[in-house]
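Here the structure is laid out as structure tokens; the discussion comes afterwards.
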Protein chains: 2
Amino acid sequence: MLKNSEFVSKLRNSGLRPTKQRLKICEVLFNRDKTFHFTINDLAKNISENFNEKISLATIYNTIHAFKDKGYLKEITISSDKSYFDTNITKHHHFYDEDTNLLIDCNDNEIGKVNIKNNITGKKISSVEVLVRVASDTQNQN
Amino acid sequence: MLKNSEFVSKLRNSGLRPTKQRLKICEVLFNRDKTFHFTINDLAKNISENFNEKISLATIYNTIHAFKDKGYLKEITISSDKSYFDTNITKHHHFYDEDTNLLIDCNDNEIGKVNIKNNITGKKISSVEVLVRVASDTQNQN
DNA sequence: ATTTAGTTTAGAATTATTATAAATTAACAA
DNA sequence: TTGTTAATTTATAATAATTCTAAACTAAAT
Ligand SMILES: [Mn+2]
Ligand SMILES: [Mn+2]
Ligand SMILES: [Zn+2]
Ligand SMILES: [Zn+2]
């Protein structure tokens, strides 16, 4: 639940000019109570259907990637034909409902800490992510 | 290290005709000591460069998807612009080296069992996969 | 006000993947 | 064998997500 002026400084502080388009995208993504997951297409549709502004698809891609690079979004890869973004930038894991194609955040109390006993020599761990795929009982198993 | 005749029965047993193309792909994928990870492009290149047979890209896609559906391959999604396949069909986790773009299998002794305390109501867990991204110490963290 | 560099945009290009539909081939029965 | 049938392969077109390009626009600095 941030105000417009807060987005302006947030953008300025990260070296991004607070343009009309970026502020609108900030509002859509960050001016709400709960974090959520979306695809570029979801976002483009949301903006064109629910607001008067027209933001070109190229700008949406540019902005989302800029926000990701600045750490304001995380990218979640579930399938190779679609990329999800997450406004929850804390470390967390996901359930993926194969029936509805929805991503659901795991709380820390739902999945215990992942115990990595041996890392690759000379490398540093940059992230650890668990994906739990779920489906109705009557579905095929993986 | 399977023989050609074994691939013939394996294919027949799963309702797939043992065509010349499928047998060649079996040989390339399964006639070796260790499991490995590959992309469709890797495989197409491998076949066209190291063998005389020309298999059309459409057939490679068809075959890999058929093998995946029959459970002879697993698909691993790391990034949205490329899909990896895995000849190791046992339950296991992965390291992904962001410097080299290589996938590395985790042994059971490297990552402890993931403890899922609460599943989504009414759903069945179809898979649990951990992806540990690693990079050189001098790289950016996630 | 002028300049400059950053940003937006429409549209083209790229790339992975899937669809189409005709030619080929494996399986099967006569 | 031989003919029939359905599965498979293939070249090619289509699709769809994403990136690129280059011109127009705009925020920031002078
Ligand atoms: Mn794709
Ligand atoms: Mn893609
Ligand atoms: Zn999330
Ligand atoms: Zn593997």
Side-chain angles (χ1 to χ4, degrees), chain A residues 4-5 7-28 37-48 51-70 72-73 75-85 101, chain B residues 4-5 7-28 37-48 51-70 72-73 75-85 101:
Chain A
N4 192 278
S5 68
F7 294 135
V8 171
S9 8
K10 184 173 176 173
L11 289 170
R12 283 230 180 79
N13 289 338
S14 35
L16 297 172
R17 289 184 180 175
T19 63
K20 189 162 55 99
Q21 293 86 345
R22 285 174 177 158
L23 288 169
K24 170 57 66 183
I25 292 173
C26 278
E27 186 196 321
V28 172
H37 307 103
F38 65 94
T39 65
I40 293 276
N41 208 54
D42 293 338
L43 178 60
K45 211 177 197 175
N46 184 348
I47 291 172
S48 80
F51 300 90
N52 272 28
E53 345 260 326
K54 299 170 200 163
I55 304 182
S56 83
L57 195 54
T59 297
I60 295 179
Y61 272 97
N62 289 342
T63 301
I64 293 307
H65 285 133
F67 286 5
K68 184 197 168 192
D69 293 343
K70 296 298 180 184
Y72 303 145
L73 291 172
E75 189 168 6
I76 317 267
T77 304
I78 302 291
S79 81
S80 52
D81 67 339
K82 197 185 288 184
S83 198
Y84 289 79
F85 291 89
N101 283 66
Chain B
N4 192 279
S5 68
F7 294 134
V8 171
S9 7
K10 184 174 177 172
L11 290 170
R12 281 232 180 78
N13 288 338
S14 33
L16 297 172
R17 290 183 179 176
T19 63
K20 188 163 56 96
Q21 293 85 347
R22 285 174 178 160
L23 288 168
K24 169 58 66 181
I25 292 173
C26 278
E27 186 196 321
V28 172
H37 307 103
F38 65 93
T39 65
I40 294 277
N41 210 54
D42 293 338
L43 179 61
K45 211 176 196 178
N46 184 348
I47 291 172
S48 79
F51 300 90
N52 273 31
E53 347 261 324
K54 300 170 200 162
I55 304 182
S56 84
L57 194 54
T59 298
I60 295 179
Y61 271 97
N62 288 342
T63 302
I64 293 307
H65 286 133
F67 285 6
K68 184 198 167 191
D69 292 344
K70 296 299 179 184
Y72 303 146
L73 291 172
E75 190 168 6
I76 317 266
T77 304
I78 303 290
S79 81
S80 53
D81 66 340
K82 199 185 284 184
S83 196
Y84 289 79
F85 290 89
N101 283 65

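Residue numbering restarts at 1 for every chain, and letters A, B, ... go by the order of the sequence lines. Just so it is clear, the values below take in all heavy atoms, side chains as well, and ignore hydrogens, waters and symmetry mates.
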When rounded to the nearest 0.5 angstrom, what distance separates [atom1] in [X] from [atom2] in [Y]?
X	Y	atom1	atom2	answer
B/Ile40	B/Ile64	CD1	CD1	5.0 Å
B/Glu53	B/Lys20	CD	NZ	5.5 Å
A/Leu43	A/Phe38	CG	CZ	5.5 Å

Starting from [atom2] on [N], measure out to [atom1] on [X] and report it in whole angstrom.
X	N	atom1	atom2	value
B/Leu16	D/dA6	CG	C1'	14 Å
A/Lys45	D/dA17	NZ	C1'	15 Å
A/Leu23	D/dT26	CG	P	15 Å
A/Leu11	C/dT7	CG	C1'	13 Å
A/Ile55	C/dT7	CD1	C1'	12 Å
A/Leu57	D/dT19	CG	C1'	11 Å
A/Leu43	D/dA17	CG	C1'	15 Å
B/Lys82	D/dT19	NZ	P	14 Å

I'd like a table of atom pairs between the protein and nucleotides 11-13 of chain C - only N or O on both sides, under 3.5 Å - with the distance next to each one.
none

Short of 4.0 Å, heavy atom to strand atom, which residues of residues 59-66 of chain A count as contacting DNA chain C?
A/Thr59, A/Asn62
If you take all heavy atoms of [X] and [Y], which pair is closest and at what distance?
X	Y	value
A/Phe7	A/Leu23	CB-CD2, 3.6 Å
B/Pro18	B/Val8	CG-CG1, 3.9 Å
A/Ser80	B/Thr77	N-CG2, 3.7 Å

Is the count of non-hydrogen atoms from other residues, nucleotides or ligands lying under 6.0 Å from B/Lys24 atom NZ greater than 12?
yes
Any side-chain donor-acceptor pair under 3.5 Å between B/Asn41 and B/Thr39?
no
Would you list the protein and nucleotides 21-26 of chain C atom pairs, both N or O, that sit under 3.5 Å from each other?
{"unit_1": "C/dA26", "atom_1": "N3", "unit_2": "B/Arg17", "atom_2": "NH1", "d": "3.2"}

Apply salt bridge (charged side-chain N to carboxylate O under 4.0 Å, His left out) to B/Lys68 and list each qualifying residue two or more places apart in sequence or on a separate chain.
B/Glu75
Can you list the residues that meet the salt bridge (charged side-chain N to carboxylate O under 4.0 Å, His left out) rule with B/Lys70, with sequence neighbours excluded?
none
So, is A/Gln21 close to the D/dT26 phosphate, meaning a side-chain N or O under 4.0 Å from OP1 or OP2?
no
Could you check A/Lys54 against B/Asn41 and say which one's nearest nucleotide on DNA chain C is further toward the 5' end?
A/Lys54
Hey, could you give me each pair passing side chain to side chain donor-acceptor pair (under 3.5 Å) that has a residue in residues 9-19 of chain A? Not counting sequence neighbours.
A/Ser14-A/Tyr72
